[in-house]
Enquirer: 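If you scroll down you'll find the structure; I have some questions about it.
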Amino acid sequence: MKDIKTILAERSTGSTITAKGWARTKRDTKNAIFVELYDGSCFTGLQCVFDAGSMSEATATALARTTTGAALAVTGTLVDSPAAGQPVELKATALEVIGECPADSYPLQKKAHSLEFLREIAHLRPRTNTIGAAARMRDEMAYAVHTFYHDRGFKYVHTPIITASDCEGAGEMFQTTTLDLDAIAKHGGPVDYSKDFFGKKAFLSVSGQLNVETYCMALGKVYTFGPTFRAENSNTTRHLAEFWMIEPEIAFAELPDDMELAEDFVKHLLSWALDKCSEDMAFFEKRVQPGLIEMLDSVRSKKFAHMTYTDAVAELEKHKDSFEFKPFWGCDLQTEHERYLSETVIGGPVIVTDYPKELKAFYMRLNEDGKTVRAMDVLVPRIGEIIGGSEREYRYDVLVANMKAKGLDPAAYWWYLDLRRFGSAPHAGFGLGFERLLRYVTGIENIRDVIPFPRAVKQADF
RNA sequence: UCCCCUGUAGCUCAGUUGGCAGAGCAAGUGGCUGUUAACCACUGGGUCCGUGGUUCAAAUCCGCGCGGGGGAGCCA
């Protein structure tokens, strides 16, 4: 059996085919009944036409049971469509209702639903145009990620999801345990983690970076792409408690190499979306965010601007009246600052580099000035920060000093420090939030609508 | 964690100064010479989020609770 994407692509008119899928809509006229069949293989459905005058009684009965959402098998002849709207259609001769879908209780109707409502029926929402298209785009973008790195000789490394070290202090962590918390609560005594599964405290990973650096120092060019967990109490359209992150790491590389990789990567992903997902992208353009395609197209053809943090702050200080938080050297760039830089100052993507060391993580390479580190953030219009990365500190003594300055115990990072003791080399990498990329590409505002089952504060249903 | 908005039919929302619960879409029925989120007509459909209070009278005003959304912070 061919899926609808194949049927529509082949257009083998005159052939007899059976298509299986679900009814999106049924439209009645006196002489003909139209059923739009979709199977998820592509955005467009297959129009099935039933001749009211010549259909069998069995088909008429099945048609009466056909409602929005019903699972169907339709057999007929593929013909050129006499009407506008679709090049071919299925002139149906037989219809089987595989699974009924009672119209009076089925939550999805042939009308537009709000994304808020659809979140409450996450098990049914992939059947809608918007969420279905987002799901196909998610698949394509994941494939594009692997294609990009594989074609460049990067090795895909699976870093652990469970970790016993508070890696980079990148955020609040979820603790994992097999201890009986109810029993411990009854006793009221201190918790003995030596009796826990790993013999010590364990958490879900907030980043694969530290682990992937070990393989970077062995395989040269590596990346991770996996789930990441942050237990932060944040309730926004761009945060999840469980999200997917891509983290490449390249050996014998410095910050300019890292920036070049990030730019190539973003452009590869945008090109993939625009060139290979045009049908779904056309839907996002039409129904989700008009202007989306032109905006993405301009980004992929434009050289990313570069700017140091110091220059960025100087630029922001010229317009300080337009900000709630007044910018000054040493301040963390607020969302309003980031968007102003990319949207107003540059009018496109901009990479901001060389941030004050106090603002960034311990593993970033210290500059000669002793005040800034070789960090980079890629800022894009509408979204703000989409990539954060840096050249890593590969000098043992400087790294240890950085850790101490940030109140970290070097002994806890003994294996990470070993990378600097044995054959250390400059290396760099970055992290890209996969769902943030999907927000950017699809135009869907809320991050909870670009992941099948969102996990956020007080939200772990389905 | 902080600030703001919001909760009324299956969905999206209106509801005036506190005075009989409304519309569009969806559903059901009928019509329509090929429809494209079809169209036209009719019909059915309500714990006004919950709870306590003010009042002759509360969807409407007040307190508390719960849910949803947006923004900030944190970050990817």
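Residue numbers begin at 1 in each chain, while the letters A, B, ... track the order of the sequences. No experiment lies behind these values; they were computed from the predicted model shown.
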Enquirer: Quick one: is R238(A) getting a side-chain N or O under 4.0 Å of the A72(B) phosphate, OP1 or OP2?
Expert: yes

Enquirer: Is any side-chain N or O of E89(A) under 3.5 Å from a base N or O of G34(B), one able to act as donor and the other as acceptor?
Expert: yes

Enquirer: Return the 5'-most residue of the pair K26(A), F325(A) with respect to RNA chain B, ranking by each residue's nearest nucleotide.
Expert: K26(A)

Enquirer: Examine distances only and state if a side-chain atom of T59(A) and a backbone atom of M55(A) form a donor-acceptor pair shorter than 3.5 Å.
Expert: no

Enquirer: Regarding Q47(A), tell me which of base, sugar-phosphate or nothing describes its non-hydrogen contacts under 4.0 Å with the strands shown.
Expert: base

Enquirer: Are OP1 or OP2 of G71(B) and a side-chain N or O of T237(A) less than 4.0 angstrom apart?
Expert: yes

Enquirer: Could you check which of G34(B), C75(B), U12(B) has an atom nearest any side-chain atom of Q86(A)?
Expert: G34(B)

Enquirer: Classify the nucleic acid contact of D28(A) as base, sugar-phosphate or nothing, counting any heavy atom under 4.0 Å across all strands shown.
Expert: base

Enquirer: Can you tell me if E213(A) and H427(A) form a side-chain donor-acceptor pair at under 3.5 Å?
Expert: yes

Enquirer: Does NZ or CZ of R119(A) lie under 6.0 Å from the centre of the six-membered ring of F117(A), at an angle within 45° of the ring axis?
Expert: no

Enquirer: Please check if the distance between the ring centroids of H123(A) and F453(A) is under 6.0 Å.
Expert: no

Enquirer: To the nearest Å, give me how far apart CZ (R287(A)) and C1' (A37(B)) are.
Expert: 6 Å

Enquirer: For atom P, what is the distance between U8(B) and A14(B), given to the nearest Å?
Expert: 10 Å

Enquirer: Any donor-acceptor pair under 3.5 Å linking the side-chain atoms of T228(A) with those of E242(A)?
Expert: no

Enquirer: Any N or O donor-acceptor pair linking the side chain of H239(A) to the base of C75(B) at under 3.5 Å?
Expert: yes

Enquirer: Ignoring hydrogens and geometry beyond distance, is a side-chain donor-acceptor pair present between R439(A) and N446(A) at under 3.5 Å?
Expert: no

Enquirer: Using the P atoms only, state how far G44(B) lies from U51(B), rounded to an integer number of Å.
Expert: 29 Å

Enquirer: Below the 4.0 Å mark, does U12(B) have OP1 or OP2 next to a side-chain nitrogen or oxygen of S114(A)?
Expert: yes

Enquirer: Side chain of I447(A): nearest nucleotide among U33(B), A76(B), C11(B)?
Expert: A76(B)

Enquirer: G73(B) and C49(B): how far apart are their C1' atoms, nearest whole angstrom?
Expert: 30 Å

Enquirer: OP1 or OP2 of G69(B) versus the side-chain N and O atoms of R119(A): is any pair under 4.0 Å?
Expert: yes

Enquirer: Looking only at side chains, do N367(A) and R374(A) share a donor and an acceptor under 3.5 Å apart?
Expert: yes

Enquirer: Take the protein atom CG of D461(A) and the nucleotide atom C1' of C66(B), then report the distance between them rounded to whole Å.
Expert: 14 Å

Enquirer: Heavy atoms under 4.0 Å, any strand shown: does T25(A) hit a base, just sugar-phosphate, or nothing?
Expert: sugar-phosphate

Enquirer: Check whether the side chains of S390(A) and R392(A) place a donor and an acceptor atom closer than 3.5 Å, and report yes or no.
Expert: yes

Enquirer: What distance, rounded to whole Å, do you find between the two C1' atoms, one in U55(B) and one in C74(B)?
Expert: 48 Å

Enquirer: What distance, rounded to whole Å, do you find between the two P atoms, one in G68(B) and one in U12(B)?
Expert: 14 Å

Enquirer: Could you tell me how far A58(B) sits from G18(B) if I compare only their P atoms? Round to whole Å.
Expert: 14 Å

Enquirer: Using atom CD of E120(A) as one end and atom P of C49(B) as the other, report the distance to the nearest whole Å.
Expert: 15 Å

Enquirer: Looking across every strand, which nucleic acid part, if any, lies under 4.0 Å from L240(A) by heavy atom: base, sugar-phosphate, or nothing?
Expert: base

Enquirer: Using whole Å, what does the distance between atom P of nucleotide A26(B) and atom CZ of F117(A) come to?
Expert: 15 Å

Enquirer: Please state the C1' separation for the pair A57(B) and C11(B) - nearest whole angstrom.
Expert: 32 Å

Enquirer: Stacking between F243(A) and A76(B), defined as ring centres under 5.5 angstrom apart with planes under 30°, is that present or not?
Expert: yes

Enquirer: Looking at the side chain of A103(A), which of A72(B), U35(B), G28(B) is the nearest nucleotide?
Expert: G28(B)

Enquirer: To the side chain of M245(A), which of A76(B), C74(B), G34(B) is closest?
Expert: A76(B)

Enquirer: If you compare every side-chain N and O of T335(A) against the phosphate oxygens of G73(B) (OP1, OP2), does one of them come in below 4.0 Å?
Expert: yes

Enquirer: Which of these nucleotides, A26(B), U35(B), C32(B), is closest to any side-chain atom of Q109(A)?
Expert: A26(B)

Enquirer: N31(A) has a side chain; which of U33(B), C32(B), A27(B) sits nearest to it?
Expert: U33(B)

Enquirer: Using the P atom on both, measure A76(B) against U60(B) and round to a whole Å.
Expert: 46 Å

Enquirer: Does a donor on one side chain and an acceptor on the other come within less than 3.5 Å for T310(A) and W329(A)?
Expert: yes

Enquirer: Looking at W272(A), I'd like to know if the NZ or CZ of K267(A) sits under 6.0 Å from its six-membered ring centre while staying within 45 degrees of the ring's axis.
Expert: no

Enquirer: With a 4.0 Å limit, can you tell me whether T29(A) has a side-chain N or O closer than that to the phosphate oxygens OP1/OP2 of U35(B)?
Expert: no

Enquirer: Which residue lies toward the 5' end of RNA chain B, G433(A) or K458(A), if each is placed at its nearest nucleotide?
Expert: K458(A)

Enquirer: Write down the distance between CD (E232(A)) and P (A76(B)), rounded to a whole number of angstrom.
Expert: 9 Å

Enquirer: Given atom NE2 of H337(A) and atom P of C75(B), what is their separation to the nearest angstrom?
Expert: 15 Å

Enquirer: What is the distance, to the nearest angstrom, from the CG atom on N233(A) to the P atom on G73(B)?
Expert: 15 Å

Enquirer: Measure all distances between protein nitrogen or oxygen atoms and nitrogen or oxygen atoms of nucleotides 2-6 of chain B, and list the pairs falling under 3.5 Å.
Expert:
none

Enquirer: Consider the side chain of D104(A), meaning its heavy atoms from C-beta on, and name the nucleotide among A27(B), G34(B), C75(B) that approaches it most closely.
Expert: A27(B)

Enquirer: Between the side chains of R27(A) and T29(A), is a donor N or O closer than 3.5 angstrom to an acceptor N or O?
Expert: no

Enquirer: U35(B), G69(B), C32(B): which one has an atom nearest the side-chain heavy atoms of E116(A)?
Expert: G69(B)

Enquirer: Cation over ring, K360(A) on Y355(A), under 6.0 Å and within 45°?
Expert: yes

Enquirer: With the side chain of S234(A) defined as its heavy atoms from C-beta on, choose the nearest nucleotide among C75(B), G70(B), C74(B).
Expert: C74(B)

Enquirer: Nearest whole Å is fine: how far is C40(B) P from R27(A) CZ?
Expert: 15 Å

Enquirer: Anything under 3.5 Å between a donor and an acceptor, one on a side chain of residues 77-85 of chain A, the other on a protein residue two or more places apart or in another chain? List them.
Expert:
from	atom 1	to	atom 2	distance (Å)
S81(A)	OG	A83(A)	N	3.4
S81(A)	OG	A83(A)	O	3.2
S81(A)	OG	Q86(A)	NE2	3.0
S81(A)	OG	E89(A)	OE1	3.0

Enquirer: So which nucleotide from C75(B), A27(B), G34(B) ends up closest to the side chain of K110(A)?
Expert: A27(B)

Enquirer: Under 3.5 Å, is there a donor on one side chain and an acceptor on the other for E315(A) and Y340(A)?
Expert: no

Enquirer: Grab the stems for RNA chain B, please: at least three consecutive Watson-Crick or wobble pairs, both distances below 3.5 Å, written as range with range.
Expert: B:1-7 with B:66-72, B:10-13 with B:22-25, B:27-31 with B:39-43, B:49-53 with B:61-65

